[in-house]
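A short write-up of the structure that comes next.
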Number of protein chains: 2
Amino acid sequence: MSNDENIYRQMLNAIVEHQLPPGARLPEDRLSEAFGVSRTGIRKVLQRLALEHFVIIEKNKGAQVNRPSEAEALEVLDSRILIEPQLIPALLDHWNTEHSERFRIMVTEEKRAEEANQLADSIQLTARFHYELAKLSGNQVLASFVEQLCYRSSLILAAYGTRGSVGCECGDHSQLLDILDQGRKDEAKTWMSHHLKHIKSSLILESKPEENIDFQRLFGR
Amino acid sequence: MSNDENIYRQMLNAIVEHQLPPGARLPEDRLSEAFGVSRTGIRKVLQRLALEHFVIIEKNKGAQVNRPSEAEALEVLDSRILIEPQLIPALLDHWNTEHSERFRIMVTEEKRAEEANQLADSIQLTARFHYELAKLSGNQVLASFVEQLCYRSSLILAAYGTRGSVGCECGDHSQLLDILDQGRKDEAKTWMSHHLKHIKSSLILESKPEENIDFQRLFGR
DNA sequence: AATGAATTAATTGTGCACAATATTGGTGTG
DNA sequence: CACACCAATATTGTGCACAATTAATTCATT
């Protein structure tokens, strides 16, 4: 694996697992020291993470882990609600027992991670479940978009999620597999839709402190 | 406007307008010379273009304009078919005469550009029409994804499009505006779907030269 | 003690130099 | 003449140094 990709993965993991919480600053010096490469390499990775909305780079102020706005949070979930259910039909065309078994193993791991309270693994596995499912649709363009949305969702749950739940309960995911095994296309679509809407509605909005208070609007004029 | 963004826009324009055709090599030296900045700045732009699939960077071999594979071309169009029609309902919620007028001006410009045989402007305007429409859905996440897909479509049409047509005829776009003005939601959705499927089916596949010719298969054995 | 200016420190932006790698052309040998 | 090997060239990869900017601290003044 290339060195860049390695660093990128490690940082992305740290972000979606909330080891680097939203708002955490990411000074290039420390990172270059930590990874044993020059700032040049770090900057490349940060640029990429910024384009994918995992970090925010402000000119002359450096990078920090993105703190998704409420609007962004809702839009990401809405995007998933619009896309993921629509992938089910194509997915079912390729669905077979091999896939079923593979995903059931994943769900088992999810369950174990959640019971062991290993938040990091739990988050990763939840996102991977949705991404791997999307890949089976056969459309790699959409799949990689779903991948990005899933990881962004992890970040969103860090900011707005109900504590303890990472969004989808594992039981839920095995439910979907049952439906897929029975080839019930429409049911699977609506299940996925409900599942994502459930996550969306579980977000706790308007409770976090505002980052930029609009004093002008509050007192001005 | 920042310098990076400026260079990025210029290069992206050159690519989607086919001034830099698929396969064109992009040596960092020449570009840094042309733009009057150091290779550092150029590399940043190239990295970004690569992440967005407009150029391909191979290790130690540099960047070149992406030549989309047939599979990629179909996947991009399929993605648009899946997303863009679904944006219509939300779009219609905000639709008003101001929007209508703005888009009719755009269509007029499209028509003029096409008649004047200004391929570059024509391509830009066609992509912008779809992107601006997507923005009106209110979901910026999906809109910027659509933007990327539209620009990638331009690149695809460079490789697989029928000569003379850039995909959508302008008459078509004004048709959609008529339907939107009448608030016919379902009709607009199906129109958009048909429109994109028409573009997809107009692609001339398996006719362009392969990027990596398999000489072994072609002559060997 | 509070405020504001000025200095200091920390961090990022940018260009350059050298190392690493791939490609091309040439040379020699069988 | 074919083949392999080697050398030269061109291009990218990476680290470093210095400039530019922002943030923090100090200090002076009221």
Side-chain angles (χ1 to χ4, degrees), chain A residues 1-11 14-15 20-67 209 211-213 215 219, chain B residues 1-12 14-15 20-67 209-216 219-221:
Chain A
M1 181 193 287
S2 84
N3 202 7
D4 289 343
E5 189 71 14
N6 184 25
I7 296 175
Y8 167 78
R9 281 286 160 201
Q10 286 194 52
M11 289 195 62
I15 291 173
L20 288 172
R25 297 200 57 192
L26 305 170
E28 298 172 355
D29 290 354
R30 319 286 174 75
L31 292 171
S32 75
E33 192 178 350
F35 285 107
V37 299
S38 171
R39 278 177 55 211
T40 309
I42 296 295
R43 287 177 71 85
K44 189 159 74 171
V45 173
L46 288 176
Q47 304 280 354
R48 176 171 176 186
L49 289 169
L51 284 176
E52 294 167 341
H53 302 98
F54 294 110
V55 311
I56 298 291
I57 296 180
E58 285 178 294
K59 175 131 181 162
N60 285 315
K61 294 181 67 177
Q64 60 179 249
V65 178
N66 183 21
R67 189 194 305 273
E211 54 253 71
N212 287 326
I213 301 172
F215 291 107
F219 303 115
Chain B
M1 183 193 287
S2 85
N3 202 6
D4 289 344
E5 189 71 14
N6 184 24
I7 296 175
Y8 167 78
R9 281 285 160 201
Q10 286 194 53
M11 290 195 62
L12 180 57
I15 291 173
L20 288 172
R25 298 200 56 191
L26 305 170
E28 298 172 355
D29 291 354
R30 319 286 174 73
L31 291 171
S32 75
E33 192 178 351
F35 285 107
V37 299
S38 171
R39 277 177 56 211
T40 309
I42 296 296
R43 287 176 70 85
K44 189 158 75 169
V45 173
L46 288 175
Q47 305 279 354
R48 176 172 175 186
L49 289 168
L51 286 174
E52 294 167 342
H53 303 98
F54 294 111
V55 311
I56 297 291
I57 296 180
E58 285 177 294
K59 176 131 180 161
N60 284 317
K61 293 180 67 177
Q64 59 178 252
V65 179
N66 184 22
R67 189 194 305 274
E210 283 289 333
E211 56 254 67
N212 287 326
I213 301 173
D214 189 348
F215 291 107
Q216 191 61 32
F219 303 116
R221 208 143 337 204

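A note on names: the letters A, B, ... follow the listed sequences, proteins ahead of strands, and every chain is numbered from 1.
When the C1' atom of C:dT23 is taken as reference, atom NZ of B:Lys59 falls 18 Å away, rounded to whole Å. Look at CG on A:Asp29: it is 11 Å from P on C:dA10, rounded to the nearest Å. Atom CG in B:Asp4 sits roughly 13 Å away from atom C1' in C:dT12 (whole-Å rounding). Separating the CD1 atom of B:Ile56 from the P atom of D:dT11 is a distance of 20 Å, rounded to the nearest angstrom. Rounded to an integer number of Å, the gap from CD1 of B:Ile42 to C1' of D:dG13 is 16 Å. The CD atom of A:Glu58 sits 11 Å away from the C1' atom of D:dT22 (whole-angstrom rounding). Between A:Glu33 atom CD and D:dC16 atom P the separation is 12 Å, expressed in whole Å. For the pair B:Asn3 CG and C:dG13 C1', the interatomic distance rounds to 12 Å; values are reported in whole Å.
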**Message:** Before you tell me yes or no, could you show the steps for A:Gln47 and B:Leu51 under side chain to side chain contact (heavy atoms under 4.5 Å, CB included), namely the whole-Å CA-CA distance, both residues' side-chain angles and the distance that decides it to 0.1 Å?
**Reply:** CA-CA 10 Å; A:Gln47 304 280 354; B:Leu51 286 174; over 6 Å; no
**Asked** Given the rule in the side chain to side chain contact (heavy atoms under 4.5 Å, CB included) test, do A:Lys61 and A:Arg25 qualify, once you have shown the distances and angles that lead to the verdict?
**Response** CA-CA 10 Å; A:Lys61 294 181 67 177; A:Arg25 297 200 57 192; 5.7 Å; no
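Nearer the 5' end of DNA chain D, as judged by each residue's closest nucleotide, is the contact made by B:Ala63, out of B:Ala63 and A:Val37. Residues A:Arg39 and A:Asn60 both approach DNA chain D. Their nearest nucleotides, taken by heavy-atom distance, put A:Arg39 toward the 5′ side.
Atom CD of B:Glu5 is surrounded by more than 12 heavy atoms from other residues, nucleotides or ligands within 6.0 Å.
At least one side-chain heavy atom of B:Leu46 sits less than 4.5 Å from a side-chain heavy atom of B:Met11.
The phosphate of C:dT12 has neither OP1 nor OP2 within less than 4.0 Å of any side-chain N or O from A:Arg43. A sub-4.0 Å separation between OP1 or OP2 of D:dT11 and a side-chain N or O of B:Arg30 is present. Under 4.0 angstrom from either OP1 or OP2 of C:dT11 there lies no side-chain N or O belonging to A:Lys61.
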